[in-house]
Protein chains: 2
Amino acid sequence: MPDSSGLRMTQQRRVILEELAAVTSHPTADELYQSVRRRLPRISLGTVYRNLEIMAQKGEIQRIGAAGTQRRFDATTAVHYHIRCTTCGRVADLSLKPIIRLEQEAANISGFAISGHWVEFQGVCPECQDPAQA
Amino acid sequence: MPDSSGLRMTQQRRVILEELAAVTSHPTADELYQSVRRRLPRISLGTVYRNLEIMAQKGEIQRIGAAGTQRRFDATTAVHYHIRCTTCGRVADLSLKPIIRLEQEAANISGFAISGHWVEFQGVCPECQDPAQA
DNA sequence: ATACTTGCAAATTTTTTGCACTGGA
DNA sequence: TCCAGTGCAAAAAATTTGCAAGTAT
């Protein structure tokens, strides 16, 4: 049978992807819904959830670890590192060269077929370290 | 002074901590509730949530990234690495020597006061790679 | 045309909270 | 004592799902 991926590039899917790619803030499904809504007022939150889930499954986007309570997403599937402020909860990207070698090591130890990895640093951001300055 | 935290070691807190320390499965609040319940039948789910939250805040336990939908916890606060099967969702510990040097680098780049970091590898576990064998 | 997708709404699941009572230090 | 902590229950938040209608391919 033809067409194994079976995914269609609908307007909703495209806009969700575009909005996600446009920010570096690792939005939650609801945050994304709010911004997508400005372009597609009739889109539903359910559709956003469904698409994020499907695309994450297909590896087109990345589901990142819980910074807080909610699930967050990232359009950059390439391995990259995050840093989270334990005080204000902000999550930022960190331009640190990923250590791919680690994946080989992890594969050897675990027997898993490694597809990627991600790293999150925890700490207190400059603003929260010095409240007066903020 | 000895204890500025103001935390009391209640029976509930102690049992939650013990049960969490007894497993390596990084349970969700509800899973933990189920096991704590066997020892303290009258404990409430709310209490489990409250304690996990408080202890995570105090750094006595670790809140780990969303492996799936729910928040998960880990009694080991030392930096250690996880590996998650993208097929079955299982999360396991990985005995890989943590690269503390990374924290220094991250601190230099970001200006954050780094308190820790964690790494999660994604991949397919041996069982899921070969279903017939499992 | 076919069957993947959507919007809507209801249902679930997960987490938080108010409150009066309890128990640890 | 006295206030952090608890159980309970209700509320809020987050996520999923059934279904009829819409639309990429």
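These values consider heavy atoms only, across backbone and side chains, with no hydrogens, waters or symmetry-generated copies. Throughout, protein chains are lettered first and strands after them, A, B, ... in sequence-line order, and every chain is numbered starting at 1.
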For R101(A) and Q104(A), run side chain to side chain contact (heavy atoms under 4.5 Å, CB included): C-alpha distance rounded to whole Å, both residues' side-chain angles, the deciding distance at 0.1 Å, then the answer. CA-CA 5 Å; R101(A) 167 180 62 77; Q104(A) 185 55 56; 5.6 Å; no
Can you tell me if Q11(B) touches the phosphate of dG5(D), counting only side-chain N or O atoms and a distance under 4.0 Å to OP1 or OP2? no
Restricting to non-hydrogen atoms, name the atom on F112(A) and the atom on C125(B) that form the minimum distance, rounded to 0.1 Å. CZ-CB, 3.3 Å
Rounded to the nearest 0.5 Å, the CG atom of L102(B) sits from the CG atom of L102(A) at a distance of 7.5 Å
Is the ring pair H26(A)/H82(A) parallel, tilted or perpendicular, if the boundaries are 30 and 60 degrees? perpendicular
What is the separation between atom CD on Q57(B) and atom P on dG5(D), rounded to the nearest whole Å? 13 Å
For Q12(A) and dA21(D), give me the distance from atom CD to atom P, rounded to whole Å. 18 Å
Y49(B) side chain N/O closer than 4.0 Å to the phosphate oxygens (OP1, OP2) of dT16(C)? no
To the nearest angstrom, the CG-P distance between L52(B) and dT6(D) comes to 11 Å
Below 4.5 Å, heavy atoms only, C-beta onward: do Q57(B) and I54(B) meet side chain to side chain? no
Nearest-Å distance for atom pair CD/P, residues E53(B) and dT17(C): 10 Å
For a side chain to side chain contact (heavy atoms under 4.5 Å, CB included) check, start with the C-alpha distance between M55(A) and L20(A), then their side-chain angles and the critical distance, and finish with the verdict. CA-CA 12 Å; M55(A) 293 191 291; L20(A) 182 57; 5.9 Å; no
Atom CZ of R14(A) and atom P of dT23(D) are separated, to the nearest Å, by 14 Å
Hey, does the side chain of T10(B) come within less than 4.0 Å of dA4(D)'s phosphate (OP1/OP2), counting only N and O? no
Please test I114(A) against I83(B) for side chain to side chain contact (heavy atoms under 4.5 Å, CB included), starting from the C-alpha separation and ending with a verdict. CA-CA 9 Å; I114(A) 308 288; I83(B) 187 164; 3.4 Å; yes
Indicate, with yes or no, if V23(A) and L40(A) share a hydrophobic cluster defined by side-chain heavy-atom contacts under 4.5 Å among Ile, Leu, Val, Met, Phe, Trp and Tyr. no
Of the options Q12(B), E60(B), R13(B), which is the one that meets N51(B) in a side chain to side chain donor-acceptor pair (under 3.5 Å)? R13(B)
Using five base pairs at each end, measure the axis-to-axis angle across the helix from dA1(C)-dT25(D) to dA25(C)-dT1(D) and round it to 10 degrees. 50°
Please report, rounded to the nearest Å, how far the P atom of dA3(C) is from the CG atom of L7(A). 16 Å
Distance in angstrom units between R50(B) CZ and dC19(C) P, rounded: 14 Å
Residue whose nearest DNA chain C nucleotide is more 5′ - M9(B) or G46(B): G46(B)
Using a heavy-atom cut-off of under 4.0 Å over every strand shown, decide if R13(A) touches base, sugar-phosphate, or nothing. sugar-phosphate
What about R8(B): does its side chain form a donor-acceptor pair under 3.5 Å with the base of dA25(C)? no
Residues in contact with DNA chain D, drawn from residues 32-45 of chain A - heavy-atom cutoff 4.0 Å: L45(A)
